[in-house]
Amino acid sequence: MSKIKMLTPLVELDGDEMTRVLWPLIKEKLIQPFIELKTEYYDLGIKHRDETDDQVTIDAANAIKRYRVGVKNATITPNRERVEEYSLKQQWKSPNGTIRAMLDGTVFRKPILVNNIKPMIKSWSKPIIVGRHAYGDVYKNAEIRTETGGKAEIIFTDNEGKEIRETIMELDGPGILQGMHNTDESIRSFATACFEYALDEKVDCWFATKDTISKKYDQTFKLIFEDIFENEYRDKFEAAGIAFFYTLIDDVVARMMKTKGGMLWACKNYDGDVMSDMVASAFGSLAMMSSVLVSPHGYFEYEAAHGTVQRHYYKHLKGEKTSTNAVALIFAWSGALRKRGELDGISDLVTFSDRLEKSVVETIESGFMTGDLAAICDEEAVEILDSVQFLEKVADQLSQ
Ligand code: NAP
Ligand code: MG
């Protein structure tokens with residue numbers, strides 16, 4: 001059988017620890033036997049980020065802007081312990097944060113369903129995709145804690161020096177204050193990315209805020225979504241047979257529990273942070289979640305939703321076998337290869353990506369899985385495989 005040829009390289013962003021151990025094995029066992037893999041490789045491992053003063057992260061994001069599709073491994077976001085562990089020059093920023101800021105994206109997370117692991121919510125038979133706005137709000141705020149009473153105000157000074165001033169509260173005693181922002185431009189990108197994703201996946205798009213209480217802040221989100229939908233997407237949605245639904249955030253949470261799933265749930269930054277973890281855990285595990293950053297400029301970065309699985313890595317370093325689940329990493333590769341195939345018009349690449357994902361699902365459904373899944377699987381007679389055995393089982397399935 002001749003291997004599938006690629007036209008344009010994928011931007012490959014390698015990472016750290018256990019996921020760095022799995023990364024080349026996935027390529028060797030599941031991709032290179034079938035594809036003449038072309039990538040432009042960037043080593044975002046913590047040591048190389050440190051050596052390059054994090055320039056490699058910026059170079060990698062620029063490469064994604066050039067080639068449009070990247071696949072990223074999980075990376076360490078250093079805290080104080082990591083600075084010591086790896087003798088780092090400084091506590092480098094989160095690579096995901098740097099890349100998101102450069103590509104201006106929305107992160108879409110979608111559970112990977114298998115028939116022998118049932119979601120905690122019985123009615124959920126189709127995946128709920130969470131689209132998280134990854135800019136602003138409480139993640140870029142200013143806060144004050146005051147030990148005395150006083151007048152709390154919010155002041156905006158425009159470029160001509162004119163002030164707008166609002167009283168928040170006259171405080172009688174100690175308290176807390178918070179100021180945050182978002183921009184029309186970023187909210188428009190968020191809405192566009194969500195509508196594009198819903199069209200691409202042919203699923204309804206649900207969006208919710210608390211605009212009854214937040215009459216300017218949340219209201220702006222609502223109005224921008226409605227404006228973009230009416231002017232740019234209503235016809236396209238109707239043609240695709242999908243719908244846009246807006247409601248309040250508390251209403252959407254209550255309704256979501258009673259649906260079958262199968263929609264994109266567009267979330268403001270904080271809602272997305274919280275709800276994506278709830279959805280992931282209700283569907284099973286972070287290792288059974290695909291994740292893609294979609295930029296309104298047409299760039300795509302595929303990744304796993306979980307981290308570097310540090311505890312397993314330390315076992316691996318001691319020479320012990322680990323049962324680390326590579327499913328999310330495999331889906332990062334299949335997602336990126338499929339998108340490359342679509343952009344370059346290589347249908348074999350698209351078909352291969354579908355087959356790879358199908359092989360993963362079939363392997364698990366026939367009872368072969370890693371320990372994390374065995375623990376939540378309905379069946380008793382499952383075989384728990386180590387990290388490498390699982391990849392080999394998927395490879396067998398793929399070759400059939
Ligand atoms: P984590 O790597 O996601 O792991 C947390 C725990 O979840 C693991 O200890 C493991 O549980 C389980 N787990 C996660 N992925 C698994 C998999 N593929 N297979 C089996 N079990 C899995 O999160 P963390 O320990 O909080 O973070 C570790 C490092 O990852 C940190 O340095 C953090 O900065 C980084 N991180 C990176 C990203 C990213 O690049 N996207 C995201 C999150 C965190 P058991 O140990 O109980 O088996
Ligand atoms: Mg979270």
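Side chains are part of it too, since the values below use all heavy atoms of this structure and drop only hydrogens, waters and symmetry mates. Since this is a predicted model, take the numbers as computed values, not measurements. Read the numbers this way: they start at 1 and go in the same order the structure lists the ligands and their atoms.
- Closest protein heavy atom to atom 18 (N) of ligand 1: N325 O, 2.8 Å.
- Checked by atom type and distance alone, the side chain of N182 pairs as donor or acceptor with a backbone atom of Y135 at under 3.5 Å.
- Among all non-hydrogen protein atoms, the one lying nearest atom 45 (P) of ligand 1 is R311 NH2, 3.4 Å.
- A parallel orientation is assigned to the rings of F225 and F207, their planes being inclined by less than 30° (bins at 30° and 60°).
- What sits closest to atom 33 (C) of ligand 1 on the protein, heavy atoms only, is T77 N, 4.2 Å.
- For N96, the closest heavy-atom approach to ligand 1 falls below 4.0 Å.
- Of all the heavy atoms in M289 and I112, the pair that sits closest is N-CD1, 3.7 Å.
- At a distance under 4.0 Å, a protein heavy atom can be found next to atom 37 (C) of ligand 1.
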Report task. Tell me, with the steps shown, if K339 and D200 meet salt bridge (Lys or Arg N to Asp or Glu O under 4.0 Å). Result -> CA-CA 11 Å; K339 182 55 77 182; D200 206 35; 3.8 Å; yes
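- With respect to atom 25 (O) of ligand 1, the closest heavy atom belonging to the protein is Q310 OE1, 4.4 Å.
- Shown in contact with G307 at under 4.0 Å from a heavy atom are these atoms of ligand 1, numbered in order with element: 1 (P), 2 (O), 3 (O), 30 (O), 36 (N), 37 (C), 38 (C), 42 (C), 43 (C), 44 (C).
- The protein reaches atom 41 (N) of ligand 1 closely, with a heavy atom under 4.0 angstrom from it.
- Per-atom contact check: atom 7 (O) of ligand 1 does not touch the protein, criterion being a heavy-atom distance below 4.0 Å.
- Remark: minimum distance from atom 35 (C) of ligand 1 to any protein heavy atom is reached at T75 O, 3.4 Å.
- Of the protein's heavy atoms, at least one falls inside 4.0 Å of atom 48 (O) of ligand 1.
- In this structure, atom 4 (O) of ligand 1 lies nearest to the protein heavy atom V309 CA, 4.2 Å.
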For residues 391-400, please give each side-chain donor-acceptor pair under 3.5 Å, one per line with the distance, not counting sequence neighbours.
| from | atom 1 | to | atom 2 | distance (Å) |
| --- | --- | --- | --- | --- |
| E392 | OE2 | K29 | NZ | 3.4 |
| Q397 | NE2 | E362 | OE1 | 2.8 |
| S399 | OG | A395 | O | 2.8 |

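- Less than 4.0 angstrom separates some heavy atom of R82 from each of these atoms of ligand 1: 29 (C), 31 (C), 32 (O).
- At distances below 3.5 Å, not a single donor-acceptor pair connects side-chain atoms of K122 with backbone N or O atoms of P119.
- At a distance under 4.0 Å, a protein heavy atom can be found next to atom 20 (C) of ligand 1.
- In this structure, atom 12 (C) of ligand 1 is not in close contact with the protein, since no protein heavy atom lies within 4.0 Å of it.
- Interface of H312 with ligand 1, defined as ligand atoms under 4.0 Å from a residue heavy atom, comprises 20 (C), 21 (N), 45 (P), 46 (O), 48 (O).
- Looking at L373, T308, T324, it is T308 that brings a heavy atom closest to atom 30 (O) of ligand 1.
- Residue-ligand proximity, A287 to ligand 1, at heavy-atom distances under 4.0 Å covers atoms 17 (C), 18 (N).
- Under a 3.5 Å cut-off, the side chain of N116 and the backbone N or O of I364 do form a donor-acceptor pair.
- Of all the heavy atoms of H306, the ones lying under 4.0 Å from any atom of ligand 1 are found in both the backbone and the side chain.
- Residue A74 approaches ligand 1 through these ligand atoms, each under 4.0 Å from one of its heavy atoms: 40 (O).
- Which parts of ligand 1 touch K72 is read off a 4.0 Å heavy-atom cut-off, strictly below it: atoms 40 (O).
- Between the side chains of T370 and D372, at least one donor-acceptor pair of N or O atoms lies under 3.5 Å.
- Between the side chain of K38 and the backbone N or O of L7 there is at least one donor-acceptor pair closer than 3.5 Å.
- For D16 and Y313, the side-chain atoms include no donor-acceptor pair closer than 3.5 Å.
- Ring geometry for F244 against F195 counts as perpendicular: the plane angle is over 60°, on a 0 to 90° scale with 30° as the lower cut.
- T39 pairs by the side-chain hydrogen bond (donor to acceptor under 3.5 Å, both in side chains) definition with E12, not counting sequence neighbours.
- For ligand 1, the polar-atom distance check finds no N/O of E303 at less than 3.5 Å from any of the ligand's N/O atoms.
- Annotation for E379 and G367: closest pair OE1-CA, 4.5 Å, computed over non-hydrogen atoms.
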